[in-house]
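Here is the structure we will look at, set down as structure tokens.
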Amino acid sequence: MNKSLFKFCLFFLCISAGFAQKTKFKTGDTNTKKYFTSITYKNVNDKIIIPVTIKDSTYQFLFDTGAPNVISTSLLSVVKYSSGRALTISDSNDRKQKMNLITLKEITVGDITFSNTSALVFDKSENILFDCFEIDGIIGSNLLQKSIVQINPETKELVLTNSLKNLRLGDEAPTKLFIVNAQGSPYIEIKLKGDVTVTEKLLFDTGASGFYDMSKRRLDLFNKHKVAASVLSNEGISGMGLFGASETNTKYRLKIPEILINSSLFKNVSTFTTDDDHSRIGSDILKYGVVTLDFKKKRFYFNGFNETNDLKEKLLGFTPVLENNKLIVGVVWDEELKDKISYGDEILGINDIDLTTANICDMISKKSPFKSSDVLEITFKNKDNQTNTYTIKREFQD
């Protein structure tokens with residue numbers, strides 16, 4: 001059977017599902033032919049959280065262009081829907097689980113009511129991130145296919161409309177927006193500058209953390225053209241998938257000297273490789289400008305606050321990740337640290353924060369304590385239950 005690939009990124013998690021080409025996510029019909037709605041969103045640790053109305057009650061949903069619509073099982077008793085087929089979902093770690101695809105009779109975003117739109121059903125008790133961000137679902141890219149979306153981080157305003165005349169676009173020329181796969185994922189092209197300029201098509205994903213995550217598949221090409229600089233590598237895991245932890249394999253941390261997005265230049269971009277087939281631009285881009293995604297005419301606008309942005313930042317010599325509701329060492333990058341800590345070591349405390357008693361959601365939905373200072377006292381417990389505290393500095397990657 002021919003298969004197409006459906007991808008969806010949840011926060012820093014990505015999942016993919018294979019399904020027959022006949023399966024297509026419904027966009028849904030709006031209650032008016034001409035529409036404009038402005039929604040004030042909450043920025044919760046760089047996640048866009050918006051109010052959604054279902055049967056006169058308001059719920060909080062993540063706005064995620066890298067995902068399809070998702071609704072929690074706890075809302076099934078509230079919404080009107082028709083059942084569809086069950087899809088076998090594979091997350092980014094190739095762990096599989098079935099999720100039901102349903103058709104929602106009505107869901108209202110701002111002043112716009114969408115009828116007969118597809119959504120996946122997910123049991124939020126199986127993933128702590130739903131509770132940590134206090135959401136009941138996701139508004140994803142399949143709902144947006146007939147709309148133009150503008151996100152203004154200065155006013156925390158998200159606009160849905162079907163006419164460009166309703167928006168302020170500035171003087172910046174748009175580039176092409178590519179609509180990919182059955183859920184209608186938005187892809188854009190960026191330019192990475194090395195000895196030559198390399199063009200990469202990648203997912204525009206407001207649900208993913210960070211600025212730019214590079215697919216490991218691109219590493220050889222970027223090394224060949226000297227696009228990637230200061231490449232570090234080690235065995236470990238870079239994060240959790242929707243259905244569990246990843247398998248241990250080689251991860252890479254590198255720096256991209258220059259990335260061009262439309263006419264905005266980004267310098268000294270630190271990034272980590274992902275095991276996904278495609279790279280992605282994450283929610284951090286909203287720190288640097290206003291984004292407009294024209295799904296109707298397939299155009300991407302980025303009105304940057306500055307022409308040039310230096311993203312140089314101080315980094316830890318290891319990457320902390322969440323596993324089984326505990327913070328552990330995912331990958332160790334610094335050579336000196338490799339003699340002290342290893343993948344899998346539990347992180348017990350940071351400065352005066354006792355992580356064994358702390359609310360794990362504070363580690364997820366609030367500012368990272370790993371960025372609270374350039375010098376950190378971190379306590380680790382290794383696989384032999386030995387506890388050690390080390391002074392670790394955040395430093396620039398050369």
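Source: prediction; values computed, not measured. Only this structure's heavy atoms are used, side chains among them; waters, hydrogens and symmetry mates stay out.
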Do you know the tightest heavy-atom contact between Thr65 and Asp205? OG1-CA, 3.4 Å
Do [X] and [Y] get their side chains close enough for a donor-acceptor pair, meaning under 3.5 Å?
X	Y	result
Glu235	Thr248	no
Glu189	Thr199	no
Ser279	Asp213	no
Lys251	Asn249	yes
Glu200	Tyr212	yes
Glu307	Ser263	no
Thr391	Glu377	yes
Thr32	Thr30	no

[X] [atom1] to [Y] [atom2] distance, which is reported to the nearest 0.5 Å:
X	Y	atom1	atom2	value
Thr356	Lys381	OG1	NZ	9.0 Å
Ser147	Leu160	OG	CG	5.5 Å
Arg253	Ser230	CZ	OG	7.5 Å

State which residue, out of Thr113, Thr37, Thr53, fulfils the side chain to side chain donor-acceptor pair (under 3.5 Å) condition with Thr108. Thr113
Just by modelled atom types, is the [Y] backbone N or O under 3.5 Å from a matching donor or acceptor in the [X] side chain?
X	Y	answer
Asp310	Lys312	yes
Thr206	Phe63	yes
Asp334	Leu337	yes
Lys296	Asn162	yes
Asn142	Lys26	yes
Asp345	Ser342	yes
Asn382	Gln386	yes
Gln145	Gly184	yes
Asn43	Asp46	yes
Thr273	Tyr252	yes

Could you check whether the rings of [X] and [Y] sit parallel, tilted or perpendicular, using 30° and 60° as the cut-offs?
X	Y	value
Phe211	Tyr288	perpendicular
Tyr187	His278	perpendicular
Tyr35	Phe114	perpendicular
Phe300	Phe204	tilted

Is it the case that over 12 heavy atoms from other parts of the model lie below 6.0 angstrom from the [atom1] atom of [X]?
X	atom1	answer
Tyr81	OH	no
Lys267	NZ	no
Lys326	NZ	no
Lys383	NZ	yes
Lys124	NZ	yes
Asp56	CG	no

Run the side-chain contact (heavy atoms from CB on, under 4.5 Å) test on Leu286 and Val291 for me, step by step, so that the C-alpha distance in whole Å, both residues' side-chain angles and the decisive distance to 0.1 Å come before the verdict. CA-CA 7 Å; Leu286 294 172; Val291 166; 3.8 Å; yes
Using a 4.5 Å cut-off on heavy atoms from C-beta on, say whether the side chain of [Y] contacts that of [X].
X	Y	answer
Ile139	Ile107	yes
Ile148	Thr292	yes
Lys298	Ile179	yes
Lys201	Ile188	no

Using the rule that Ile, Leu, Val, Met, Phe, Trp and Tyr join whenever any side-chain heavy atoms are under 4.5 Å apart, tell me whether Phe396 and Phe318 fall into a single cluster. no
Tell me whether Tyr343 is reachable from Leu232 by hopping between hydrophobic residues (I, L, V, M, F, W, Y) whose side-chain heavy atoms are closer than 4.5 Å. no
In residues 364-375, what donor-acceptor pairs under 3.5 Å come from side-chain atoms, sequence neighbours left out?
unit_1, atom_1, unit_2, atom_2, d
Ser365, OG, Cys361, O, 2.9
Lys366, NZ, Asp362, OD1, 3.4
Ser368, OG, Phe370, N, 3.1
Ser372, OG, Pro369, O, 2.7
Ser373, OG, Val375, N, 3.1
Ser373, OG, Val375, O, 3.0
Asp374, OD1, Arg394, NH1, 2.9
Asp374, OD2, Lys314, NZ, 3.0

Quick one: list whatever passes side-chain hydrogen bond (donor to acceptor under 3.5 Å, both in side chains) with Asn262, sequence neighbours left out. Thr175
The test is side chain to side chain donor-acceptor pair (under 3.5 Å); show your working for Asn100 and Ser83 and say whether it passes. CA-CA 8 Å; Asn100 290 323; Ser83 298; over 6 Å; no
For the pair Asp294 and Lys297, find out whether any cationic side-chain nitrogen is under 4.0 Å from an anionic carboxylate oxygen. no
